[in-house]
Every structure is written in C-alpha cells, then in structure tokens.
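To start, the structure under review is shown below, and the notes come after it.
Model, not experiment: these values are computed from the prediction. Both ligands and their constituent atoms are indexed starting at 1 by order of listing. Quick note: numbers below take in every heavy atom, side chains included, and nothing from hydrogens, waters or symmetry partners.
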Amino acid sequence: MTMSTFLHQHVSLDDLPFRDSTHNYLFLGGVGLLSLLLLNYTYLVLAYHRAHSKENKTNGQLPPHYPFFLPFFGPLLQIWWDHGGFAHRVSSYAGKLTSNRFSVFGHTFYNFQDRETIEKLFKHPALSSSINMYSYVNSYLLGTPNYAMGVYRADDSGPFPHPHAKSSVLPHNRIDHITHHSVFRGLTGPGLQPSGLRFAQNLHRRLDELDIPEDWVHKPDFTTFFREVVGAAALEAILGPAMLRLNPTFVKDIFKFDHMFPTFGPGLPRFMMPESYSFRDGLVQQFKNWYKHARKNYDASQTFADGDGDPWWGSTMMRLRQDSIKGADNQDDESLARVDLGLAWAIIGNVVTSSMFSAFHVFKDKDLLSRVQQELTEHVGPDGTLKDVDPHKLGKDATLLLSVYAETLRKYIKVYSVYSTPHEDVDLGKWVLPKGELAILNSDPCHRDENFWNTRNGRHPLDGFWAERFIVDPQDPDSGPINRACRQKALPQEKLASGKPFFSTEGCDGAWIPYGGGFSMCPGRFLAKNIIVYSSAVLASKFDIDIEPDTIAFTKKRYGMGVEDLAGPIPFRIRKRATSPK
Ligand code: HEM
C-alpha cells in the first residue's frame, strides 16, 4: 500500500493541520520518522541499562552503546553545546566512572573511563602505539601533504625497537618507532637534564631583560607574560637560539597557531579557512628557513658543554630528526617542518598555561606564597640563588610546589588520549577492545572522580584548588591525594619513616592522567614538571605579583586538548622583591 492509499483509507485530510496534501504528507512523514526515532531510542536506552546491570557480573564484554536520539549524528549536538557535560555523562553510570562506546558518522569510539580498565589499558603492549592519533594530527592539524602521509598510515609495526610479528613494514619506514625513539632520547633520556638547564638559563635571562623595577608596574595579561617569558624560554631550550633569531615573530606566531589549532580538527578544506591555512604555511616556512641556515652553519665542535645543545639546531633531538624522520619514504623538508611544527606546539601547548595557573594559585593565596618562599629558602640557603639550582633537582625535591603542580594539572588538564589495536582483540578484564577499533580516554572525568580523590570530607571539592592535595603527611592518616577507601598501593616505607610530609602520586595511576599513559604517554612530562615547578619558584623568589581577577573564565572551544582556552586577559601588577635574590 502506498502512503497515498493509506492516507485516503485511514486518515481524513480534514484531521490534518495543512490545506494542501504535499504538506500533509510531509507532516505525516515527519510524525512517522519521529515515532521511529523514539522507538529506536527507547530500545537503545533499555539495552544500555540492561548492559550496565550486568557490568560487574561478566568479563570480556563490549562496553555498552551509549544511546542517542539521532543515530547517525550521535553526540555531535551535545559536544557542540557542552562537550565537558557530554564527556561526564558518557563516562559514568549510576554515579560511578565506567566505560561506554558511542558512534559518530559511523565511527565508533570506545570510551574507557573506569580506573581498573585504564590501568590495564596502560599496561597492555598491544595498545602502545599512538600512530593513529599521530596520523590524524599530522594530516588534519598540521597539514602534512598526502604523499608523505602514506608511511604514517601504513605503519602497523608499533613503537618498540622490534616490529610487531605480523607487520611487514620495512625498517626505514617504521615511523612510529623512529619518532618515538627521537623524542624519548631528547625528552626523557640524555636530553632531559640539559634541556631543563637551558630552560632555566633562558628564563633568568628573559626576566632580567624585562628589568622589572622595585615599584609596581601594571601589565595587561598574566598569560601573555608567561608566553613571552616561559614559552619563549622553553622553545629556545629545544629549538635553540638560531630558530628564534631567524624568525623573530615565531614565538608570537606559535601561540596564535595554538589558538587556531582546534579549528583544523574537523578537516575543513583550504577554501573554507584560507587565512588559517596560509598562516600555518607561513609557520612551516619559518622551519624550512631555519633548516637551511642550520645545515649551512652547524659544526659539531660548537656543541654546548652540556653535551646536548648547540647554537644552530638547539638540541641533539632536533638535529637527529633531520636524518631519522627524513630517512622514511617520501619525507622531505616540507613534511618534516609540519611534524616539527607539531613538536613545537607540544612544547608550549599545555605547559605555558599550566605554569601560569600554578603561579596564579601561588600568588593568589598569600599564605601559600609564604610557605613556597620558605621552601625555596630551605633549598637554596639564605644567601643562595635559584640560578644555581638545577630544575631537574627542584622538580624532585620541592614538596609543596610539586603538589601545586600536580593539583594544577588535575584541575586544568582536560585531554583525550587515543589508543588502537591493529592486530588483535585486547582483553581489558571487564571490557574488551576489538581489533582495529579506537579507544579513547579523557582525563577530566577521572580528575574529578568524587569516589577516588581525597576531599577531606568535602572541605576541598574537586572543582576547587587544594595546594596540599598531593602531600602525604605521615603523621596525618587523612592526608594524601586518595581517599582512604580507595588506597591500595603501599606508600614508600622510607618516606613514611622519615616522618616528614612528602609529595606523592602513588596509587593514582588510572586517576591522575594529564599525560595519558602507557608507552605512548607524553614524553615531555618530566620537562613539563620541571618547567612548571621552576617557573613558579623563580617568580615567587624574585617578584611580588598581584593578580586582579579571582576566577578565570574559559571559552570551552578546545575542551579535550589540554588546558582550555582563556576567555579574556588576566591583568596583574608586578615588582621586584626588595629582598629579591640576584
Ligand atoms: C602540562 C604539560 C603537558 C601535558 C598535559 C601533555 C600531555 C600530553 C598528552 C596527553 C599526550 C598524548 C599521550 C598519548 O597519546 O597517550 C602528549 C604527547 C606528547 N607530548 Fe606532551 N604534554 C605536556 C607537555 C609537553 C612538553 C613540554 C613536551 C615537549 C617538550 C611534550 C611533548 C609531547 C610529544 C612529543 C608528544 C607525542 C608523543 C608521541 O610521539 O606519541 N609535551 N602530551
């Protein structure tokens, strides 16, 4: 029976709201579609609850499908409207973090958020590669040309020195391993301590150049101050002075790029965002200019005394990437400049604003500030100066500043990390991740898990900032980051025996995850910690700072990429401390 016959037999047109039949057909079609959608949605909701009711009874299940009213578009509207709210809904069930999957435009995402699963996921060797994420970032966000993307898309050999047994990728095309090896060497291996020391020198030099007087000076924006001082010092520590000298607008440009970064996410073509595309091309050109110059001038004899840096390539890591990455098929200056742009973004993308927030909280709370200053005096001695302190050492010893650092990342880092399994299904205990599927996890719901974190019975809510959250006081059983019921790991005996309060993230493995986790965990995490702790330390010891606003507003435009975008400037005033060390 056609729609028309059905209408004539069962429905009088007078019952319908429109005079002409076309509109009435459309109206009825709409009602029919809506009913189908409602029926489908009711079924999905029931299936969802049913799946969660068995959640703790069986192992190896597929995570339940999170129900959406519009099947194909999934959560798009919710993400657009309130990404953070959606992330929390899709990550919990009956007040507890859990795992769910959802689909957008036919792509399924396995959203793993319960702690036990996250811990298993981080340890599973089949999930060690971030090559999928890498491919997406390189092509969509950085604009790496298609001819060069082939090796990224084809590499299923994994990040380890030995390729996966089922992979046939040639050694020189093992781009996953090649890139990881280079950043591990530069950021977690022999390059780490020298980079930190170069950062410290650059930071002191840049602050000295500002020549801040002993009388108050007003500045329009604390974030811009951090970009120009901490951001530039960090970039120079890795890319070196020549890059910044040759491209005087580079520091400003990379932060502008950071701001526009999310707009490249959906992969819109050039004609829809020509200005952003050509701005990004301009940045890539800055890298290419630098390569030419560094190749011409580099001389191994000029390597710095730290054994890692040099005046042209900045660090051994940047120099070695020239050969290792370009050794893979179809790589050239253009493609290398794109991935180096990505690395430069990674250097500043989160650490600069996180450093700013760490300092923001230290200076906003006068009591905290004086305890930080006291801690620093104990480190450097009454006549000492932070110029003599290795950031790597401070990043291990400064208990209070370390706790401020960890709490800053807990509160402000809202980041997705992505995992995939190209060769096999992965057993994660309660849940399973099928071969070829994409797992995601989001730090935000974990960082605000009321069931896990210590809030001292609600006195230090997770939306707030508690500078001491990550300090364990052996004399106080209620101290430390984890609430009593969730503490599973024993704390280091020698630290407890010392009787002195100490910094700890012990036992927070699947809960404090600002850097992702597992093998593909952020390799810049140690440098990031040292930068954040050292920046607050230097400012607290050298300057008085009054920050105007008490709270900070965000745009919500880059939820899931780390620190969110600030909605406006943070005016402040600054002066040199009368007792400031040199
Ligand atoms: C607060 C600061 C930072 C945060 C929150 C952060 C977070 C992250 C996260 C979540 C990832 C993805 C990890 C994964 O896929 O599991 C990542 C990757 C990466 N980060 Fe960081 N990061 C920070 C600072 C830095 C710094 C300072 C550097 C460099 C000096 C850096 C270099 C990198 C690199 C190179 C990657 C890609 C690693 C790969 O090859 O897969 N990060 N970061």
Ranked by distance from atom 27 (C) of ligand 1, the top protein heavy atom is I347 O, 3.6 Å
Any Lys/Arg nitrogen of R558 or E564 sitting under 4.0 Å from an Asp/Glu carboxylate oxygen of the other? no
Would N350 count as a polar contact of ligand 1, with the cut-off being nitrogen or oxygen pairs under 3.5 Å? no
Check the orientation of W512 and Y405. Use parallel for under 30°, tilted for 30 to 60°, and perpendicular for over 60°. perpendicular
If you measure from atom 30 (C) of ligand 1 to every heavy atom of N132, L187, V563, V183, which option wins on shortest distance? L187
Is K166 paired with E424 through a side-chain N to carboxylate O contact shorter than 4.0 Å? no
Ligand 1 versus R525, non-hydrogen atoms closer than 4.0 Å: side chain, backbone, both, neither? neither
Under 4.0 Å, counting heavy atoms only: does Y134 come that close to any atom of ligand 1? yes
Once the angle between the rings of H83 and Y559 is folded into 0 to 90°, is it parallel (under 30°), tilted (30 to 60°) or perpendicular (over 60°)? tilted
L527: heavy atom below 4.0 Å from ligand 1, yes or no? yes
Check whether any N or O atom of S130, backbone or side chain, sits under 3.5 Å from an N or O atom of ligand 1, and answer yes or no. yes
Heavy-atom contact check, 4.0 Å cutoff: does G562 meet ligand 1? no
How about Y140 and F264: are their ring centroids closer than 6.0 Å? no
Suppose I only count heavy atoms of S354 and a 4.0 Å limit; which atoms of ligand 1 are within that range? 1 (C)
Looking at F357, does the NZ or CZ of K411 lie under 6.0 angstrom from its six-membered ring centre and within 45 degrees of the ring axis? no
Taking N or O atoms only and a 3.5 Å limit, does H180 qualify as a polar contact for ligand 1? yes
State yes or no: are the ring centers of W290 and W312 separated by less than 6.0 Å? no
